[in-house]
Enquirer: 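Pasting a structure here, questions to come.
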Amino acid sequence: MIEPRILKGFRDSLPQQELRRKDLITCLESVFSSFGLVPIDTPVLEYTEVLLGKGGGETDKQVYTFTDHGGREVAMRFDLTVPFARYMASHAHELPLPFKRYHVDKVWRGENTQKGRYREFYQCDFDIVGIDHVSADFEILLIINESLKRLGIPAFSVHLSHRGIFNSFLADLGIADRAPDILRCVDKMQKIGLSEVEAQLQEIITIQQTRDVLAFISASGTPLEVLSALGDLCGKAQEHIHRLSILTDFAMDAGCADTLVINPSITRGLDYYTGVVYETYLDELEAIGSICSGGRYNDLASLYTKQKLPGVGASIGLDRLLAALDELSDTPSRSSTADVLVICMDESRMGDYQRIACRLREAGLHAEVSLTKRRLPQQFSYAERVGIPLALILGEEELESGTYTLRDLQSRMQERLQSIEKLVNRCRLLTGKGAHTL
RNA sequence: GUGAGCGUAGUUCAAUGGUAGAGCACCAGAUUGUGGUUCUGGUUGUUGCGGGUUCGAGUCCCGUCGCUCACCCCA
């Protein structure tokens with residue numbers, strides 16, 4: 001016998017979790033579509049040189065690579081953004097610009113595991129490519145907002161910053177060459193706090209420079225107040241600050257400014273961001289970290305093409321978001337999609353059971369039939385355990401008289417219905433599924 | 001990848017180196033067309049896996065796999 005084990009950092013998904021994930025993805029996709037974004041797909045495997053580019057970075061060590069049967073050096077995608085850059089370079093001439101896409105799929109990273117951090121996980125990306133314009137930055141912000149609202153998340157905030165402002169500020173201090181280290185350090189602000197960041201910064205730059213940097217990232221208040229403070233600290237970045245202020249104006253006009261926070265300590269670790277950057281936190285679950293982040297990257301496709309393809313986008317951490325939704329909602333999750341369980345009273349009447357179940361299915365209801373005769377309590381318990389709300393009892397009496405006994409498993413009330421139409425209507429009412437629902 | 005802690009029944013947890021246990025859950029029956037109570041009976045298991053020390057290992061040692069935490073990085 002072979003032990004049915006699975007690899008570290010890889011997981012099976014039981015129906016209960018998988019249904020929740022699918023529901024979540026369906027909801028997000030409907031939001032994306034409502035903005036006119038279209039779905040795309042790219043291969044799981046790419047040439048190693050395509051994914052790693054010039055290479056040398058920290059991500060290289062985490063990428064699964066191997067030599068295929070034809071001697072090619074191949075790599076599994078570790079995010080959806082880099083393959084997308086390659087995709088745009090390959091197909092830009094076939095696509096309308098600006099191009100808006102979304103992509104939800106698995107990616108792989110061979111790093112060490114931790115709670116909520118796995119070697120195989122889902123990413124959910126949405127981007128607008130082909131224009132470098134504040135309107136695109138704003139639309140991404142709006143999509144983040146709408147997504148979280150539609151998921152029923154009560155309170156969240158989108159933290160916004162701009163790489164260009166910070167870089168210009170660092171250049172003024174004469175420490176632009178250490179920008180990547182400083183950004184990485186400042187990015188930990190949320191997690192390790194101000195004093196720890198200060199200590200780490202002093203190992204990179206002077207005490208005075210550290211004070212300046214801390215003053216910069218500590219600016220807080222309303223978006224307008226922060227922008228004004230940044231303007232004082234960083235005169236050469238007026239263009240970038242102006243862009244953020246237009247973005248803020250748009251957000252106010254669109255009625256989504258209440259979730260907006262300008263937070264200069266947000267930098268994003270990745271070095272390919274060049275403009276606005278986003279991080280999204282749940283007010284009630286800050287400890288879980290950012291559940292949606294992204295930003296503007298204006299040089300991403302330059303590895304693959306001379307054509308200028310500026311883009312802006314964001315990525316939702318589905319696993320984190322699922323964990324968050326689990327904590328926030330108290331509704332029990334189901335492991336069935338059925339609305340009605342047709343009870344088996346007599347195995348020789350299976351044809352009748354399925355015939356009636358099909359009538360329910362044609363009416364848009366999900367009907368599952370018990371395949372063997374078991375004691376009634378067992379069939380009821382099964383339905384309740386997997387989350388099927390209704391049971392349809394078709395015994396000798398009902399089949400002879402053409403009637404239907406419908407039981408509400410939760411209330412344990414049941415009633416006799418005189419026709420299939422009445423049965424359908426009653427099921428729709430009890431499950432909250434209107435006639436229009438499919 | 002580096003460092004640390006943990007791994008016993010489906011689950012939550014016990015067991016001075018000396019016969020592997022309890023609650024909950026689960027299954028069967030009392031009740032073959034009605035599940036929430038009660039009663040009776042039952043399975044709870046190669047103590048993650050593999051070696052070693054010992055008369056004897058869940059317990060001590062080594063290795064391995066997995067989980068958790070920190071670093072790193074990030075979703």
Side-chain angles (χ1 to χ4, degrees), chain A residues 1-12 14 57-63 77-82 103-125 180-181 183-185 187-188 190-192 196 200 266-273 277-281 288-295 313-324 341 343-347 349 370 372-386 388 391-400 405-416:
Chain A
M1 288 254 273
I2 298 168
E3 195 188 336
R5 57 188 186 152
I6 57 175
L7 288 164
K8 178 189 180 76
F10 289 71
R11 297 163 297 160
D12 285 328
L14 294 170
E58 190 62 35
T59 48
D60 293 21
K61 290 182 244 165
Q62 302 180 351
V63 178
R77 64 177 177 221
F78 58 92
D79 71 6
L80 298 176
T81 308
V82 172
H103 194 178
V104 186
D105 221 324
K106 283 179 173 176
V107 300
W108 295 266
R109 288 182 202 174
E111 67 176 332
N112 228 339
T113 56
Q114 234 173 87
K115 194 176 189 66
R117 294 178 60 175
Y118 307 98
R119 292 183 169 177
E120 176 182 64
F121 58 95
Y122 279 90
Q123 276 203 330
C124 168
D125 276 29
D181 287 339
L183 287 173
R184 249 193 297 281
C185 180
D187 197 39
K188 289 187 249 176
Q190 202 86 8
K191 193 174 179 183
I192 64 177
E196 188 60 29
Q200 292 188 15
I266 299 294
T267 67
R268 302 288 296 121
L270 293 175
D271 28 332
Y272 54 66
Y273 291 113
V277 287
Y278 316 87
E279 293 274 16
T280 309
Y281 298 97
I288 207 165
S290 172
I291 49 120
C292 175
S293 49
S315 179
I316 294 176
L318 281 189
D319 297 285
R320 271 188 192 179
L321 188 51
L322 271 173
L341 179 70
I343 302 295
C344 179
M345 308 290 287
D346 178 350
E347 293 184 8
R349 307 303 292 266
S370 279
T372 56
K373 182 180 185 223
R374 287 188 299 160
R375 293 192 307 115
L376 267 178
Q378 288 182 305
Q379 300 196 46
F380 290 155
S381 311
Y382 163 77
E384 186 152 71
R385 183 177 141 219
V386 300
I388 302 174
L392 180 59
I393 299 165
L394 301 168
E396 196 63 26
E397 282 175 53
E398 286 87 351
L399 288 173
E400 292 313 311
T405 298
L406 186 65
R407 181 180 181 86
D408 182 319
L409 274 322
Q410 209 202 337
S411 68
R412 304 195 172 194
M413 307 275 275
Q414 61 189 45
E415 61 189 310
R416 185 73 74 93

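Source: prediction; values computed, not measured. The chains referred to below are lettered A, B, ... by the order of the sequence lines, with proteins before strands, and numbering in each begins at 1.
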Enquirer: Please determine, for C73(B), whether a Watson-Crick or G-U wobble partner exists with both distances under 3.5 Å, and give it or none.
Expert: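 Check on C73(B): unpaired, no WC or wobble geometry under 3.5 Å.
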Enquirer: Looking only at N and O atoms, is any donor in the side chain of Glu396(A) or the base of G33(B) less than 3.5 Å from an acceptor on the other one?
Expert: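 Such a pair does not exist between side chain and base.
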Enquirer: Around atom CZ of Arg416(A), are there more than 12 heavy atoms of other residues, nucleotides or ligands at under 6.0 Å?
Expert: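 Enclosed.
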Enquirer: Please confirm whether any donor atom in the side chain of Gln379(A) sits under 3.5 Å from an acceptor in the base of U34(B), or the reverse.
Expert: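 Donor-acceptor pair under 3.5 Å: no.
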Enquirer: C71(B) C1' sits how many Å from Gln114(A) CD, rounded?
Expert: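 Rounded to whole Å, this separation is 9 Å.
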Enquirer: Using atom P of each nucleotide, how far apart are U59(B) and U16(B) to the nearest Å?
Expert: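 After rounding to an integer number of Å, I get 13 Å for this pair.
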Enquirer: What nucleotide among A70(B), A75(B), G33(B) has an atom nearest to a side-chain atom of Ser293(A)?
Expert: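 Comparing A70(B), A75(B), G33(B) against the side chain of Ser293(A), the answer is A75(B).
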Enquirer: Let me know the distance between CD1 of Ile343(A) and P of U32(B), rounded to the nearest Å.
Expert: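 Atom CD1 in Ile343(A) sits about 17 Å away from atom P in U32(B).
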Enquirer: Could you tell me how far G58(B) sits from G18(B) if I compare only their C1' atoms? Round to whole Å.
Expert: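 Comparing C1' positions in G18(B) and G58(B) gives a spacing of 13 Å.
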Enquirer: For a quick check of understanding: with a heavy-atom distance under 4.0 Å over all strands, which category does Ile291(A) fall into, base, sugar-phosphate or nothing?
Expert: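 Touches nothing.
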Enquirer: Return the stacking result for A75(B) and Tyr122(A): yes when the ring centres lie under 5.5 Å apart and the planes under 30°, no otherwise.
Expert: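 One would not call Tyr122(A) stacked on the A75(B) base.
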Enquirer: Can you tell me the base-pairing partner of G56(B)? Count Watson-Crick or G-U wobble geometry only, both distances below 3.5 Å, and say none if there is no partner.
Expert: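 The answer is none; no pair meets the criterion.
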Enquirer: What does C67(B) pair with, Watson-Crick or G-U, if both distances are under 3.5 Å?
Expert: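 The base-pairing partner of C67(B), which may sit in any strand shown, is G5(B).
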Enquirer: Would you mind telling me which residue lines up with the more 5' stretch of RNA chain B, Thr113(A) or Tyr118(A), judged by nearest nucleotide?
Expert: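 The residue whose closest nucleotide sits nearer the 5' end is Thr113(A).
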Enquirer: Which distance, rounded to the nearest 0.5 Å, do you find between the CD of Gln378(A) and the OG of Ser370(A)?
Expert: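 That separation rounds to 10.0 Å.
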Enquirer: Taking the C1' atom in each of C27(B) and C69(B), what is the distance between them to the nearest angstrom?
Expert: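 About 39 Å, rounded to a whole number of Å.
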Enquirer: Using both distances under 3.5 Å as the test, list the Watson-Crick or G-U wobble partner of A14(B), or none.
Expert: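 With both distances under 3.5 Å required, A14(B) matches none.
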Enquirer: If you check the Glu384(A) side chain, which of C72(B), U34(B), G35(B) turns out closest?
Expert: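 Of C72(B), U34(B), G35(B), G35(B) is nearest to the side chain of Glu384(A).
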Enquirer: Look at the side chain of Thr405(A) and decide which nucleotide, out of U34(B), G35(B), C69(B), has an atom nearest to it.
Expert: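 Side chain of Thr405(A) sits closest to U34(B).
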Enquirer: Grab the CG-P distance between Leu7(A) and G66(B) for me, whole Å please.
Expert: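 For the pair Leu7(A) CG and G66(B) P, the rounded distance is 7 Å.
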Enquirer: Without decimals, in angstroms, what is the distance between Glu279(A) CD and C73(B) P?
Expert: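 Value for this atom pair: 15 Å.
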Enquirer: Where do Arg11(A) and Asp319(A) land on the salt bridge (charged side-chain N to carboxylate O under 4.0 Å, His left out) test, with the steps shown first?
Expert: CA-CA 12 Å; Arg11(A) 297 163 297 160; Asp319(A) 297 285; 3.2 Å; yes
Enquirer: Is any side-chain N or O of Glu111(A) under 3.5 Å from a base N or O of A75(B), one able to act as donor and the other as acceptor?
Expert: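 Counting by modelled atom types and ignoring angles, a donor-acceptor contact under 3.5 Å is found here.
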Enquirer: Could you check whether any side-chain N or O of Ser293(A) sits under 3.5 Å from a backbone N or O of Glu279(A), counting only pairs where one atom can act as donor and the other as acceptor?
Expert: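 No.
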Enquirer: When you match Met413(A) and Gly317(A) each to their closest nucleotide on RNA chain B, which lands nearer the 5' end?
Expert: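 Result of the comparison: Met413(A).
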Enquirer: So, OP1 or OP2 of G29(B): does either fall under 4.0 Å of a side-chain N or O from Arg375(A)?
Expert: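 Checking G29(B) against Arg375(A), a side-chain N or O does come within under 4.0 Å of OP1 or OP2.
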Enquirer: Check this for me: does the side-chain of Arg407(A) come within 3.5 Å of the base of G35(B) through a donor and an acceptor?
Expert: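 Side chain to base: pair found, below 3.5 Å.
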Enquirer: Nearest whole angstrom, please: distance from the C1' of C27(B) to the CZ of Arg374(A).
Expert: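 The distance from CZ of Arg374(A) to C1' of C27(B) comes to 12 Å, rounded to the nearest Å.
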Enquirer: Step by step, would you call Glu120(A) with Lys106(A) a salt bridge (charged side-chain N to carboxylate O under 4.0 Å, His left out)?
Expert: CA-CA 7 Å; Glu120(A) 176 182 64; Lys106(A) 283 179 173 176; 3.6 Å; yes
Enquirer: What is the pairing partner of G41(B), taking Watson-Crick or G-U wobble pairs with both distances under 3.5 Å in any strand?
Expert: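 Across any shown strand, G41(B) pairs with C27(B).
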Enquirer: Under 4.0 Å: is that the gap between some side-chain N or O of Lys8(A) and OP1 or OP2 of C67(B)?
Expert: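 Checking C67(B) against Lys8(A), a side-chain N or O does come within under 4.0 Å of OP1 or OP2.
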Enquirer: Would you say Gln378(A) places a side-chain N or O within less than 4.0 Å of OP1 or OP2 belonging to C27(B)?
Expert: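 Checking Gln378(A) against C27(B): no side-chain N or O falls below 4.0 Å of OP1 or OP2.
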Enquirer: Considering only atom C1', compute the distance from U43(B) to U38(B) and round it to an integer number of Å.
Expert: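 Taking atom C1' in both U43(B) and U38(B), they lie 22 Å apart.
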Enquirer: Is there a side-chain contact between Ile291(A) and Tyr281(A) (heavy atoms, below 4.5 Å)?
Expert: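 Result no, sub-4.5 Å side-chain heavy-atom pair not found.
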Enquirer: Could you state the CZ-P distance from Arg385(A) to G36(B), rounded to the nearest angstrom?
Expert: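 The distance from CZ of Arg385(A) to P of G36(B) comes to 17 Å, rounded to the nearest Å.
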Enquirer: How long is the straight-line distance from CG of Leu322(A) back to OH of Tyr122(A), given to the nearest 0.5 Å?
Expert: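 It is 10.0 Å, given to the nearest 0.5 Å.
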Enquirer: Taking the P atom in each of C49(B) and U2(B), what is the distance between them to the nearest angstrom?
Expert: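 It comes out at 25 Å once rounded to the nearest Å.
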Enquirer: May I have the distance from Leu406(A) (atom CG) to G33(B) (atom C1'), rounded to whole angstrom?
Expert: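 It is 16 Å, rounded to the nearest whole Å.
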Enquirer: Under the 3.5 angstrom rule, does the side chain of Gln414(A) hit a backbone N or O of Asp408(A) as a donor-acceptor pair?
Expert: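 Absent.
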Enquirer: When the P atoms of U12(B) and U68(B) are compared, how many Å lie between them, rounded to an integer?
Expert: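 Each nucleotide's P atom is 14 Å from the other's.
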Enquirer: In whole angstroms, how far is the C1' atom of U34(B) from the OH atom of Tyr382(A)?
Expert: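 To the nearest whole Å, that distance equals 19 Å.
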Enquirer: Asn112(A) side chain: which of G1(B), U34(B), C71(B) is closest?
Expert: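 Within the option list, the nearest is G1(B).
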Enquirer: Provide the Watson-Crick or G-U wobble partner of U47(B), both distances under 3.5 Å; none if there is no partner.
Expert: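 Checking every strand shown, U47(B) finds no partner, since no pair has both distances under 3.5 Å.
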Enquirer: Within a radius of less than 6.0 Å around CD of Glu400(A), do more than 12 heavy atoms belonging to other residues, nucleotides or ligands occur?
Expert: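 Above 12, so yes.
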Enquirer: Go ahead and name the base partner of G35(B); Watson-Crick or wobble counts if both distances stay under 3.5 Å, otherwise write none.
Expert: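 Its partner is none (no Watson-Crick or G-U wobble pair with both distances under 3.5 Å).
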Enquirer: Below 3.5 Å, does any donor atom in the side chain of Glu398(A) face an acceptor in the base of G33(B), or the other way round?
Expert: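 Indeed there is one.
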Enquirer: Take atom C1' in G48(B) and the same atom in U54(B), then report the distance between them in whole Å.
Expert: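 It works out to 23 Å between them.
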Enquirer: Side chain of Glu397(A), heavy atoms from C-beta onward: which of G33(B), G35(B), A70(B) has the nearest atom to it?
Expert: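 It is G33(B).
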Enquirer: Looking across every strand, which nucleic acid part, if any, lies under 4.0 Å from Glu120(A) by heavy atom: base, sugar-phosphate, or nothing?
Expert: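 No contact.
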Enquirer: Any N or O donor-acceptor pair under 3.5 Å from the base of C73(B) to the side chain of Arg117(A)?
Expert: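 Donor-acceptor pair under 3.5 Å: yes.
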Enquirer: Provide the distance between the two C1' atoms, one in U64(B) and one in G7(B), to the nearest whole Å.
Expert: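 Rounded to whole Å, the distance is 13 Å.
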